[in-house]
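Scroll down for the structure; my scribbles are underneath it.
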Amino acid sequence: MRQPLIIDRSQDQHFMREALALAAEGAALGEVPVGAVLVQDGQIVGRGFNCPISTHDPSAHAEMVAIRAAAQAVDNYRLPGSTLYVTLEPCSMCAGLIVHARVQRVVYGATEPKAGVALSRGQFFSQEFLNHRVLIEGGVLADECGAVLSAFFKARREQR
């Protein structure tokens, strides 16, 4: 039986740094630098970074890749008691997957004012119609996460 989720805020920064390292891997491939790790029972069971360009897959957001990897690793499409760390506030596509996978907690870094649905463009996770509640915490290493994205887009603009 799975233990109840115990939030250890000292570990939030550690796992967010792991997600930042994955974001850098994506940036090296020319992908928008977003990284994610899924943690269950204190262990990373899924890792991912944005790769829709290189995989020709519009659903290959960091959260999607990490959750798919985790589901394969634990041999279950449900991930109860897990925490997803992602460097950028999730979009609507990823938010739906997070609910369906039964992720218990999402910790994100930077807000996404154009498409983020945890807080910026709506509060998807608090909708009454959802059959699963997700705990949300934003702003963990937000400055670092935002700086990675800003630097990427600045470099991209300079290339043009």
Side-chain angles (χ1 to χ4, degrees), residues 7-77 79 82-101 103-121 124-125 134-160:
I7 297 172
D8 180 353
R9 302 216 189 280
S10 67
Q11 288 197 359
D12 287 351
Q13 289 188 1
H14 167 74
F15 289 121
M16 189 61 75
R17 289 191 197 292
E18 293 287 329
L20 277 163
L22 289 162
E25 286 185 45
L29 297 173
E31 301 280 358
V32 174
V34 178
V37 295
L38 192 121
V39 175
Q40 200 169 46
D41 299 325
Q43 301 295 317
I44 296 175
V45 294
R47 299 172 189 271
F49 56 81
N50 271 11
C51 56
I53 299 167
S54 60
T55 62
H56 309 290
D57 178 358
S59 72
H61 288 194
E63 301 95 322
M64 288 275 190
V65 175
I67 289 172
R68 286 176 181 153
Q72 291 296 308
V74 303
D75 203 27
N76 193 344
Y77 74 110
L79 301 164
S82 64
T83 298
L84 178 69
Y85 294 87
V86 60
T87 59
L88 185 64
E89 180 182 2
C91 72
S92 59
M93 176 181 69
C94 294
L97 174 65
I98 289 163
V99 169
H100 286 293
V103 171
Q104 188 168 2
R105 181 172 177 242
V106 172
V107 178
Y108 67 89
T111 57
E112 206 324 8
K114 291 183 180 179
V117 298
L119 179 66
S120 296
R121 301 303 294 172
F124 174 81
F125 295 103
V134 180
L135 301 172
I136 303 296
E137 181 165 348
V140 174
L141 300 181
D143 291 342
E144 291 177 47
C145 294
V148 168
L149 287 158
S150 294
F152 175 81
F153 286 113
K154 180 181 180 192
R156 185 181 264 184
R157 285 188 301 273
E158 289 172 357
Q159 287 175 348
R160 292 180 188 166

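In what follows, residues are counted from 1 in the order of the sequence shown. A quick note: this is a predicted structure, and the numbers were derived from the prediction, not measured.
- Annotation: side-chain hydrogen bond (donor to acceptor under 3.5 Å, both in side chains) contacts involving residues 53-71, sequence neighbours excluded, comprise Glu31-Ser54, Asp57-Ser59, Ser59-Arg68.
- Put simply, the side chain of Arg105 reaches to within 4.5 Å of the side chain of Asp12, judged on heavy atoms.
- Met16 and Val86 get closest at one heavy-atom pair: CE-O, 3.5 Å.
- Taking both residues in full, the closest heavy atoms of Ala70 and Leu38 are given as CB-CD2, 3.6 Å, listed atom of the first, atom of the second, then distance.
- Contact record, Cys145 with Ala110: CB-N, 3.8 Å, taken as the closest heavy-atom pair.
- Gln43 places no side-chain N or O within donor-acceptor distance of the main-chain N or O of Val45, the cut-off being under 3.5 Å.
- Note that CD of Gln13 and OH of Tyr85 are 10.5 Å apart. Values are rounded to the nearest 0.5 Å.
- With Asn50 contributing its side chain and Pro33 its backbone, the two residues share no donor-acceptor pair below 3.5 Å.
- Without hydrogens or angle criteria, Thr87 side chain to Ala19 main chain gives no donor-acceptor distance under 3.5 Å.
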Tabulate below the donor-acceptor pairs under 3.5 Å that side-chain atoms of residues 21-29 make, not counting sequence neighbours, or state none.
none

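- Taking the side chain as every heavy atom from C-beta outward, Phe124 and Ile98 never approach each other to under 4.5 Å.
- Residues Ala118 and Ile136 come closest through the heavy atom pair CB-CG2, 4.0 Å.
- For residues 84-101, no residue pair satisfies the salt bridge (Lys or Arg N to Asp or Glu O under 4.0 Å) rule, not counting sequence neighbours.
- To the nearest 0.5 Å, atoms NE2 (His100) and CD1 (Ile67) are separated by 11.0 Å.
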